[in-house]
Amino acid sequence: MKNKINVGIIGFGTIGTGTARILINNAEIIKRRLGAPVVLKRIADLDIKKDRGIKLEKGVLIEKAEDILNDPDIDIVIELIGGYEPAKKFILKAIENAKNVVTANKALLAVHGEEIYKAAAAKGVDIGFEGSVGGGIPIIRVLKEGLAANNILSIYGIINGTSNYILTKMTNEGKAFSDVLSEAQRLGYAEADPTFDIEGIDSAHKLAVLTTLAFGTPVKFDNIYTEGITKVTPLDIEYAKEFGYKIKLLAISKMDNGEIEVRVHPTMVPNEYLISTVDGVFNAIYIQGDAVGETMFYGRGAGDMPTGSAVVSDIIEIARNIINDSIGRVPSPAFQLNERKALKIKKMDDIVCPFYLRFMAMDKPGVLSKISGVLGEHNISIASMIQKGRKEGGAVSVVMMTHEAKEKDAQEALAEIDKMFFISAKTAFIRVEGEV
Ligand code: NDP
Ligand code: HSE
């Protein structure tokens, strides 16, 4: 039986630093839980001069990742550099060298997860990725183990801390989008390329991972409908408040008649839904299972220590498997690889929900009846409406909530309305959750 577990971290940035800090500061509690110490043998980073605020023994910090990947004494390689390459090359090399792997790299898993899961299974090593979704929330373990008895019916998540932080500050403090983005970057929440956060791509990466685990299906990342928060305006946030809603970037994955809906977009969520109260960098993931019913998981979705907590939990789990000779006990994608079925992703045109519409229209007689006429022709029925102010001859906001309608009908109606002479700007359009 092994009397210690040696690990090597590649990438000493935000999450690498958090992970190292936890391994060092919490070494005693980890040892008591595991029955053996976890030894942080090496950390590789391109820049070994920068002060990261952590005191390491001489020789631990090195420049070359290869010196970790090829070190026969290292049991677990922890990839925390992010991006596709060389991260993928490093992970596959670690697997080839019969090392277990931990990563928080959701972008890589969303696009190349299948190749990595298969390579790990073929080599008989474990791959842990708890830090890839929901920061410190142990949501991967929930899907792999806690809810393993269930047919999963739906997942609704706020799974990008940066976007939620931005939307919260815009909603509560009326701050400008750009000011808040730079705050989130300074706090270490944002991706190296922050467009991944604000354009919904990071949420879609995470949703691909969750959907694979929940429904036992490979997911083609490009088939996920993805829309970020860059078009959400303070005006729409204010109208949402008037209707009793908050605007959140939701990642939705749900089973519908043998197909799955997988989509990320700004969504108006009723104030009475618990998920609408999730603010700041916090994430929440609501999961409905056929046996358990409704569940919700909440916690910090980004940052060095919460994500480091998730990364270290994977290290401990894999270390337990090494010590107990039970590597491969839980399959990486939550299902046995040969038991998975490729599910069809429902076309966005076919999804059905209520819509929030904000028209910028000239305040003239007959305008409203023309708008409602086109909506009616496309089977869209109006549930409520607000018109603010009067501007004879000028443009005013005409804001509507519709009953449930088909996405295709809504898009076609708006394309028609936006061409009308009395419309002065593209109509704002936000999907709504719950009954209107
Ligand atoms: P950082 O950019 O802060 O850290 C990455 C580090 O890796 C940098 O120090 C970088 O050096 C170094 N690096 C890059 N290439 C190499 C290489 N070839 N060899 C050795 N070191 C290298 O990123 P984060 O810590 O924020 O993110 C790491 C991973 O964790 C990403 O996959 C990210 O998506 C994920 N993640 C991040 C979260 C967060 O809150 N930040 C939360 C959850 C997951 P240099 O700066 O010189 O390029
Ligand atoms: N950039 C990501 C976020 C980091 O803001 O949620 C956590 O995965």
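Side chains included, hydrogens not; waters and symmetry mates left out as well; all remaining heavy atoms used. In listed order, ligands and their atoms are each counted from 1.
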Please confirm whether [X] comes within less than 3.5 Å of ligand 1 when only nitrogen or oxygen atoms on both sides are compared.
X      : result
Gly16  : no
Thr14  : yes
Glu63  : no
Thr307 : no

Hey, does [X] sit under 4.0 Å from ligand 1 if you only count heavy atoms?
X      : answer
Gly135 : no
Arg52  : yes
Ala192 : no

Starting from [atom], find the nearest protein heavy-atom neighbour and note its residue, name and distance.
atom                    : result
atom 36 (N) of ligand 1 : Lys106 NZ, 3.6 Å
atom 35 (C) of ligand 1 : Ala104 O, 3.4 Å
atom 41 (N) of ligand 1 : Gly188 O, 3.0 Å
atom 38 (C) of ligand 1 : Ile15 CD1, 3.5 Å
atom 4 (O) of ligand 1  : Gly13 CA, 3.2 Å
atom 9 (O) of ligand 1  : Asp45 OD2, 2.7 Å
atom 47 (O) of ligand 1 : Leu46 CB, 4.1 Å
atom 34 (O) of ligand 1 : Glu191 OE1, 2.7 Å

Salt bridge or not for [X] and [Y], using N-O below 4.0 Å?
X      : Y      : answer
Asp179 : Lys169 : no
Glu66  : Lys64  : no
Asp67  : Arg42  : no
Asp202 : Lys106 : yes
Asp279 : Lys246 : yes
Lys175 : Glu183 : yes
Lys89  : Glu96  : no
Glu317 : Arg141 : yes
Glu227 : Arg263 : no
Lys408 : Glu412 : yes
Lys347 : Glu407 : no

Would you say Ser276's side chain and Tyr273's backbone share a donor-acceptor pair under 3.5 angstrom?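 Yes; at least one donor-acceptor contact below 3.5 Å.
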Answer yes or no: is there a donor N or O on one side and an acceptor on the other, between the side chain of Thr162 and the main chain of Asp197, under 3.5 Å?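 Checking the backbone N and O of Asp197 against the side chain of Thr162, no donor-acceptor pair under 3.5 Å is found.
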When the aromatic ring centroids of Tyr356 and Phe429 are compared, is their separation below 6.0 Å?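 When the ring centroids of Tyr356 and Phe429 are compared, they turn out to be at least 6.0 Å apart.
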Hey, looking at atom 29 (C) of ligand 1, which of Thr162, Ile43, Leu80 has the closest heavy atom?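 Closest candidate by heavy-atom distance is Leu80.
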Tell me yes or no: between the side chains of Ser203 and His205, is some donor less than 3.5 Å from an acceptor?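 No.
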Would you please say whether a donor-acceptor pair under 3.5 Å links the side chains of Asn100 and Asp75?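 Asp75 and Asn100 do not have a side-chain donor-acceptor pair below 3.5 Å.
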Taking side chain to side chain contact (heavy atoms under 4.5 Å, CB included) as the test, write out the residues that go with Asp71, two or more places apart.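 Residues passing side chain to side chain contact (heavy atoms under 4.5 Å, CB included) with Asp71: Lys41, Asp73, Ile74.
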[atom] protein-contacted (non-hydrogen atom, under 4.0 angstrom):
atom                    : answer
atom 2 (O) of ligand 1  : no
atom 26 (O) of ligand 1 : yes
atom 45 (P) of ligand 1 : no
atom 32 (O) of ligand 1 : yes

Distance filter under 4.0 Å to [X] heavy atoms, resulting ligand 1 atoms:
X      : result
Ala302 : 40 (O)
Gly303 : 39 (C), 40 (O)
Phe90  : 18 (N)
Gly11  : 6 (C), 7 (O)
Gly131 : 43 (C), 44 (C)
Pro86  : 18 (N)

Within reach of ligand 1, part of Ala107 (heavy-atom separation under 4.0 Å):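 Within the 4.0 Å criterion, Ala107 makes no contact with ligand 1.
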For residues Ile22 and Gly308, report the shortest heavy-atom separation together with the two atoms involved.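 Heavy-atom minimum between the residues: CD1-C, 3.3 Å.
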Check whether any side-chain heavy atom of Leu235 sits under 4.5 Å from a side-chain heavy atom of Ser397, and report yes or no.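 Sidechains of Ser397 and Leu235: in contact.
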Check ligand 2 against the protein and report each N/O to N/O distance under 3.5 Å, formatted as atom name, atom name, distance.
residue  : atom  : partner : partner atom : Å
ligand 2 : 1 (N) : Tyr189  : O            : 2.6
ligand 2 : 1 (N) : Glu191  : OE2          : 2.7
ligand 2 : 1 (N) : Asp197  : OD1          : 2.7
ligand 2 : 5 (O) : Asn160  : ND2          : 3.4
ligand 2 : 5 (O) : Gly161  : N            : 3.4
ligand 2 : 5 (O) : Thr162  : N            : 2.9
ligand 2 : 5 (O) : Thr162  : OG1          : 2.6
ligand 2 : 5 (O) : Tyr189  : O            : 3.1
ligand 2 : 5 (O) : Asp197  : OD1          : 3.4
ligand 2 : 6 (O) : Asn160  : ND2          : 3.4
ligand 2 : 6 (O) : Gly161  : N            : 2.7
ligand 2 : 6 (O) : Lys206  : NZ           : 3.1
ligand 2 : 8 (O) : Lys106  : NZ           : 2.5
ligand 2 : 8 (O) : Lys206  : NZ           : 2.7

